[in-house]
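Here's the structure, in structure tokens; my notes come after.
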Amino acid sequence: MSRRELAARVLGNSVVNRLGRVSDGGLRILAYHRILDGDPAELPFDEGVVSATTEQFYHQMRFVRENFDVVTFGGLLQCEREGKQWPNRGLIVTFDDGYRDNYANAFPVLRELKLPAVIFLATGHIGEEVLFWWDLIAFCFKETELESVLLSEISTEPVSLAGHAERKEAIQRVLAWTKKAPDEIRRAFLERLPGLLDVTLDDDIAFAMHLSWDEVRTMSKGGVEFGSHTVTHPVLSNVGADRLDLELRESKEAIDRELGKEAVAFAYPVGRGRNFTADSMKAVEKAGYRFAVSYDEGVAQPGVSDRYALPRIHVESNQSLNLFRAKLMFSRFMVGGQDERSSDR
Ligand SMILES: [Zn+2]
């Protein structure tokens, strides 16, 4: 059996053409957060959102450029307006949250390789020095000098902070809890957390951590499309209808106003399927978005996948280039689990 026949057999209905390229008609949407160099474990903030180093990202994008048609949500919309199908080997490169390293590290690579991308902004953090809540949690637990802490919301027993492993475990427990707690309770808890752990947050703690609107505009002119990721990044299933509408509407208005271009796509915060509801999806459509992406792992199938819950393929810093390639080529068969420790933020 030739390599091509073998690949075709493994891929089932997918078609592997003579160049070995997959063309199963699926749309692959890569999900990145931060592109950061150095050891993620050394970061005083949340290491779980580091997706790749600049060098890893460069090699990933080289592979993507050679094997897929890299497009944006605006491009998909244009296809639909012209009555055409989505590209047969379509792929969208996305980043969530709006970290400044997307500009400093990812954008030069995208520009060099002439690839478009989409960045989903939590607009309340753009140009602001306010930590995202997962970074705040990680910072407090990494910085504290306490040996244990009682967090009554999370357990009746004190949480041990004796060693590195215990602190890591504590961060994961608190992250998991904050993803499920009603939004007002989460906010109140996070207000108290630095005090509970006896940690002081400097005013400039998040200096140059998030994108500025000038950087966003520069990238917008350089082929990067911007979508919304809400204003304050709440888990949508944990907020009421009024808050939901405000988060969807105000973030879109900010992007449309600052860029003079319409945000057509939305990414659900902490976007596993359980973290948004049918009502959230309806509200996203009503707010004027034309596409929405989840953080459930998979390949979107035109005409089959719900355009308001398109799955994505996660990219994690500990993935080898071979695994990255395999996930892209065989991702129809590599549906991810619901690991609480994954990078959903
Ligand atoms: Zn996010």
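We number each residue from 1, following the sequence as shown. First listed ligand is number 1; within each ligand, the first listed atom is number 1.
With salt bridges taken as basic N to acidic carboxylate O contacts below 4.0 Å, none links R272 and E297.
The Zn ion (ligand 1) has R345 among its coordinating residues (N/O/S atom, backbone or side chain, under 2.8 Å). The Zn ion (ligand 1) has an N, O or S atom of H233 closer than 2.8 Å. For residue D96, no N/O/S atom approaches the Zn ion (ligand 1) to within less than 2.8 Å.
Because its NZ or CZ atom is both nearer than 6.0 Å to the ring centre of Y99 and within 45° of the ring axis, R34 counts as a cation-pi partner of that residue.
With a 6.0 Å radius and a threshold of 12 heavy atoms from other residues, nucleotides or ligands, E55 has its CD atom at or below the threshold.
Note on D97: its N/O/S atom closest to the Zn ion (ligand 1) is OD1.
Checking side-chain atoms of E247 against main-chain N and O of V231 turns up a donor-acceptor pair under 3.5 Å.
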